[in-house]
Amino acid sequence: MEDIDIPSFFLCPISLDIMKDPVTLSTGITYDRASIEKWLYTSKNNTCPVTKQLISEPNSETFITPNHTLRRLIQSWCILNALDRIPTPKPPVNKAQMSKLLSEAASAPPHLQLKCLQTVRSISLENESNKRCFESAGGVQFLTSIVVSSLAGRDPSDEVAECSKCGDEALTVLWNLQISEAGLRKLALAHNGEFLTSLIKILQSGSYDSRAYALFLLKSIYEVVDRVQLISLSHEIFIELVQILHDQVSPKTTRSALELLALVAPWGRNKVKSVEAGAVGVLIDILLNTSDKRIAEMVLILLDTLCGCAEGRSELVGNAAGLAIVSKKIMRVSHEASERAVRILHWVSRYSATPAVVQEMLQIGAVAKLCLVVQMESRGKTKEKATEILKMHGRQWRNAGCIPATLAAFYPS
């Protein structure tokens, strides 16, 4: 198709790809449906890309109009040029159709409800319009009720299995819907908080896939809720996040678990809860075994946060590999990683520097690394903290003979 001269009016003004489902905005400009919906919904814009005019009702069912004439012209042109004919697209469902579909799924017995949910999934995820229609028709509330009821435990046992499958399917659809921020805030309060409790239960005992989707949803929800809500998180969520990190379900779940811990750990007593859940030891194990620079950065960010409490520092210095692996990452991963590693050593040097710890820092080469930082860094907080650490324990380290001759000139007086 690249060698054929495509008429310019067949191309989407946004992507310059040939249109498959042309639609016209109220501004009079025609786009491919997938491209304009991505512009409006995924990228969260509210203007016409060409005219820059404000689109007042991007969530209504009538703000775009299918351009059937142009679609037929494109299909005829493809046939004349011996190209595959672009199939006639399925029209988006409207709110009444979606409501009827949800009603049928809600009234179906457990053994048929799974098929209904699969139908809901295929239709709602076809395009962005269907996703928004599904959300406005109350689909999110319906799915959350399925997830909550699937964990209630019903007899007989075959119904329990069917309910569990329905819950997994509902969870999958919820994640793939890419729910708006307003919708995510409602999820935090859904069923008087039972939905969040259900997600934590899924983290405890669900399949690998359902645990991953539950984690992704929790992360999305906690990213938009009021930060005050993060203070009262239960111990269970920290235990399960640490367990996911330990299990290494997948690289994506590992990153999400690290990001969620980094988001919630600074609030209230969440540092202590994380440490009590065994986070420090698991983070050190990840740091020892990962070759992913971004993972290493996130681990060091978390360890820096957790070392802000006495319990976290105690776990770090009590781990045989703790100080050694943190020191090793200085100037080996990235500037961010080096900054965090030096901050961790600063926490330890300032508040937990027993004679044994000071001696260990000599033996593992942490002092030489700090001298390198002082030498290589021209300015900045990382150099300041490294210099401060060296000054704190200069009397013990100056006569130890561990400072390389090439670095002696840079040792603080």
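This is a predicted model, so every value here is computed, not measured.
- Sorted by first then second residue, the side-chain hydrogen bond (donor to acceptor under 3.5 Å, both in side chains) pairs that include residues 313-325, not counting sequence neighbours, are Arg313-Ser352.
- By the 4.5 Å heavy-atom criterion applied to side chains, Ile123 and Gln97 are not counted as neighbours.
- The nearest pair of heavy atoms linking Tyr31 to Met19 is C-SD, 3.5 Å.
- There is a side-chain donor-acceptor pair under 3.5 Å between Ser210 and Ser207.
- Closest non-hydrogen pair, Leu316 versus Cys307, comes out as CD2-SG, 3.7 Å.
- With Leu70 as the fixed residue, the side chain to side chain contact (heavy atoms under 4.5 Å, CB included) test singles out one of Thr24, Val23, Thr30: Thr30.
- Residue pairs meeting the salt bridge (Lys or Arg N to Asp or Glu O under 4.0 Å) criterion with at least one partner in residues 341-354, sequence neighbours excluded, are Asp304-Arg343.
- Using a distance-only test at 3.5 Å, with no hydrogens or angles considered, no donor-acceptor pair links the side chain of Ser103 to the main chain of Ser99.
- Two residues are said to be in side-chain contact when any heavy atoms from C-beta on lie closer than 4.5 Å; Ile36 and Asp32 fail this criterion.
- Side-chain atoms of Lys329 never come within 3.5 Å of backbone atoms of Ala341 as a donor-acceptor pair (strictly under, hydrogens ignored).
- Here the shortest heavy-atom pairing between Val225 and Ala188 reads CG1-CB, 3.7 Å.
- Look at Lys385 and Glu388 and you find no salt bridge, because none of the NZ, NE, NH1 or NH2 atoms lies under 4.0 Å from a carboxylate O.
- A salt bridge links Arg185 with Glu181: the closest approach of a Lys/Arg side-chain nitrogen to an acidic carboxylate oxygen falls below 4.0 angstrom.
- Annotation: cation-pi pair Lys252/Phe216 present, NZ/CZ under 6.0 Å from the ring centroid and within 45° of its normal.
- Contact annotation: the side chain of His346 approaches that of Met392 to within less than 4.5 Å [non-hydrogen atoms, C-beta and beyond].
- Atoms CD1 and CD1, from Ile79 and Ile74 in turn, are 12.5 Å apart once rounded to the nearest 0.5 Å.
- No more than 12 heavy atoms of other residues, nucleotides or ligands shown are found within 6.0 angstrom of CZ on Arg269.
- Leu390 has its side chain within reach of Val367: a pair of non-hydrogen atoms, C-beta onward, lies under 4.5 Å apart.
- A heavy-atom distance below 4.5 Å is not found between the side chains of Gln243 and Val282.
- Contact annotation: the side chain of Tyr213 never approaches that of Leu174 to less than 4.5 Å [non-hydrogen atoms, C-beta and beyond].
- Between the side chains of Thr253 and Ser250, at least one donor N or O lies within less than 3.5 Å of an accepting N or O.
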Any chance you could lay out the salt bridge (Lys or Arg N to Asp or Glu O under 4.0 Å) test for Arg340 and Glu297, step after step, and finish with the verdict?
-> CA-CA 8 Å; Arg340 294 293 181 160; Glu297 280 183 356; over 6 Å; no
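- Around atom CG of Asp226, more than 12 heavy atoms belonging to other residues, nucleotides or ligands sit under 6.0 Å away.
- Distance alone, capped at 3.5 Å, places no donor-acceptor pair between the Thr290 side chain and the Leu287 backbone.
- Side chain of Gln113 to backbone of Ala105: a donor-acceptor contact under 3.5 angstrom is found.
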Verdict with supporting geometry, His246 and Leu241, side-chain contact (heavy atoms from CB on, under 4.5 Å) = CA-CA 9 Å; His246 177 271; Leu241 287 176; over 6 Å; no
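- Residue His191 places its NE2 atom among more than 12 non-hydrogen atoms of other residues, nucleotides or ligands, all under 6.0 Å distant.
- Here the shortest heavy-atom pairing between Ser327 and Ile364 reads OG-CD1, 3.7 Å.
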Go through Asn94 and Met98 one step at a time and tell me if the side-chain contact (heavy atoms from CB on, under 4.5 Å) criterion holds.
-> CA-CA 6 Å; Asn94 57 42; Met98 189 64 78; over 6 Å; no
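- For the residue pair Ser234 / Glu236, a side-chain donor-acceptor distance below 3.5 Å is found, with atom types taken as modelled.
- Contact record, Ile55 with Cys48: CD1-N, 3.8 Å, taken as the closest heavy-atom pair.
- Looking only at side-chain heavy atoms (C-beta outward), Val358 and Met361 stay at 4.5 Å or farther from each other.
- Side chain of Asn45 to main chain of Trp39: a donor-acceptor pair is present (N/O by atom type, distance under 3.5 Å, no hydrogens or angles).
- Nearest heavy-atom pair across Ala137 and Leu102 is O-CD1, 3.7 Å.
- For Lys381 and Glu339, the salt-bridge test fails: no basic side-chain N is under 4.0 Å from an acidic carboxylate O.
- Every residue was checked against the salt bridge (Lys or Arg N to Asp or Glu O under 4.0 Å) condition with Arg255, not counting sequence neighbours, and none meets it.
- Checked against Leu218 for a side chain to side chain contact (heavy atoms under 4.5 Å, CB included), the options Val264, Ile202, Leu260 give a single hit: Leu260.
- Two residues are said to be in side-chain contact when any heavy atoms from C-beta on lie closer than 4.5 Å; Ser274 and Leu261 meet this criterion.
- With respect to the salt-bridge test (charged N to carboxylate O, under 4.0 angstrom), the residues Glu169 and Lys165 do not qualify.
- The pair Glu135-Arg132 meets the salt-bridge criterion, since a charged nitrogen lies less than 4.0 angstrom from a carboxylate oxygen.
- Atom CG of Leu114 sits about 10.0 Å away from atom CZ of Arg121, to the nearest 0.5 Å.
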